[in-house]
*Asks:* 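First, the structure itself, so that you have it in front of you.
Remember, it's 1-based here, ligands and their atoms both numbered in the order they're listed.
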Amino acid sequence: MKQKIVFLKEEEIPRQWYNIAADMPTPLQPPLHPGTGKPTVPDDWAPIFPMNIVEQEFSTERWIDIPEEVLEKLLIWRPTPLVRAYALEKELGTPAKIYYKNESVSPAGSHKPNTALAQVYYNKEAGIERMTTETGAGQWGSALSFACSLFKMPLKVYMVRISFDQKPYRKILMNTWGAECVPSPSADTNFGRQVLEETPDTPGSLGIAISEAIEDAVSAKVNTKYSLGSVLNHVMLHQTIIGLETLKQLEIFGDYPDVVIGCVGGGSNFAGLTFPFIRDKIYGKEVRVVGVEPTACPTLTKGPFLYDFGDTAATTPLLTMHTLGHTFVPPPLHAGGLRYHGCAPLVSQLVMDKLIEPLSINQVDCYNAGVQFARTEGIVPAPETNHAVAAAVAEARKAKEEGVEKTIVFNLSGHGLLDLSGYEKHLNGELEEYSLPDEEIQKALTVLEPYPKPKV
Ligand SMILES: *Cc1c(COP(=O)(O)O)cnc(C)c1O
């Protein structure tokens, strides 16, 4: 029998995270204070995050120990399997070898608990008594609810109202793990009440939900902090366990990739899989690293590299990133996820340095690949994940046309069992191949004109 899966043993789980800030050819430009325009210092971040997490955000230490209590809880589902997709290869008739790292086996169904557990641990260590966050589709809210339940940390999740109404199962999942979940805008914050008064029928937005979660954290009577599930350096760091495991597993398969692929929203699952490979690349190894996004939200492929806010409400420090402008929202006809206006500063800088190749794929091709994957390998990927699947399939087809063998590794960032409505639309032929027009991009970017520009 040919080897299909490599499971690592418990004791083979990586003991340290990899911090790519130690190896980047161009260091990150400093985040700027939104009020003064000056580079931020750790204290500027202290009202929102505990100091131990802020220290990680600023760290350039190459290897950072994973605390024992975090490792112990990661072992609930880690190490995750690395799987050879023989059936998909056969269906495609490709000489390429396709491997996927299966992050969908976590209790919340995605890679997000990798950072959620670490963040809740550090908050607990810092004496924080309660946490808040926002969630759009509900994946981050459920991952953080899961982590908070294991550490007995009270959590309040502000969920964008339209998702709250359309995705009741995510809320039930959060409640089952003991978190409170309210639709945003809510009557529980000043900002929420103000929005409700002006626009009682608003569907809500991620920007409103972030503002509510931050207002709650800074004004609550009990010692409360806020938590973010992507974009920031410490989140990328916590996700590198994915790629570090994958390197060990490929060694057992006796293989090394020609191309490593991940889907990119804020950048965390992509960074998690690829940063350890980018380290190899920096030190001379030949490997291509491809980040995939929707043509409806083409941040890396079409967005310029600028200073922008992490959130729609323009409250976070200004970060250097590829961006479409913080007020950009993709049109509602886009059903494939990955709707974030910007991208992690670490990922953005590595794109600038040509260590990452960005690629955009339209939603119809993404869902076609997801359905093909489901019908061969059995797992129904999350809509976001379909972008990585589609890029892997395209690489495998190219290998067939060119008659060359190659090794493809992609991240199966999550399953789609709680996000089936996009599949329904796709199967009914209701999705369009939509690309964001250049005029729309130019219009969206005007919001950034008054802000400082990064050095290039
Ligand atoms: C949240 C999510 C993403 C996008 O976020 P990143 O930070 O870019 O990884 C991708 N896939 C799944 C399954 C997700 O839940």
*Asks:* Is the count of non-hydrogen atoms from other residues, nucleotides or ligands lying under 6.0 Å from Gln16 atom CD greater than 12?
*Replies:*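 It does: Gln16 CD has more than 12 such atoms within range.
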
*Asks:* Is the Lys NZ or Arg CZ of Lys285 less than 6.0 Å from the centre of Tyr256's six-membered ring, within 45° of the axis?
*Replies:*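 Flagged: Lys285 positioned over aromatic ring of Tyr256.
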
*Asks:* Which class fits the ring pair Tyr122 and His238: parallel under 30°, tilted 30 to 60°, perpendicular over 60°?
*Replies:*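 Answer is parallel, since the angle falls under 30°.
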
*Asks:* Is the Phe49-His234 ring centre distance short of 6.0 angstrom?
*Replies:*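 Under 6.0 Å, so yes.
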
*Asks:* Look at the aromatic rings of Tyr367 and Tyr423 and report parallel, tilted or perpendicular, splitting at 30° and 60°.
*Replies:*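 Geometry flag for Tyr423 against Tyr367: perpendicular rings.
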
*Asks:* Every pair of nitrogen or oxygen atoms between ligand 1 and the protein that is under 3.5 angstrom apart - can you list them with their distances to 0.1 Å?
*Replies:*
| from | atom 1 | to | atom 2 | distance (Å) |
| --- | --- | --- | --- | --- |
| ligand 1 | 7 (O) | Ser230 | OG | 2.6 |
| ligand 1 | 7 (O) | Gly267 | N | 3.4 |
| ligand 1 | 7 (O) | Ser268 | N | 2.9 |
| ligand 1 | 7 (O) | Ser268 | OG | 2.7 |
| ligand 1 | 8 (O) | Gly265 | N | 2.7 |
| ligand 1 | 8 (O) | Gly266 | N | 3.1 |
| ligand 1 | 8 (O) | Gly267 | N | 2.8 |
| ligand 1 | 9 (O) | His111 | NE2 | 3.1 |
| ligand 1 | 9 (O) | Ser268 | OG | 3.2 |
| ligand 1 | 9 (O) | Asn269 | N | 2.8 |
| ligand 1 | 9 (O) | Asn269 | ND2 | 2.8 |
| ligand 1 | 11 (N) | Ser413 | OG | 2.8 |
| ligand 1 | 15 (O) | Lys112 | NZ | 2.5 |
| ligand 1 | 15 (O) | Gln139 | OE1 | 3.3 |
| ligand 1 | 15 (O) | Gln139 | NE2 | 3.3 |

*Asks:* Hey, do the aromatic rings of Tyr451 and Phe309 have their centres closer than 6.0 Å?
*Replies:*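 Yes, close enough.
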
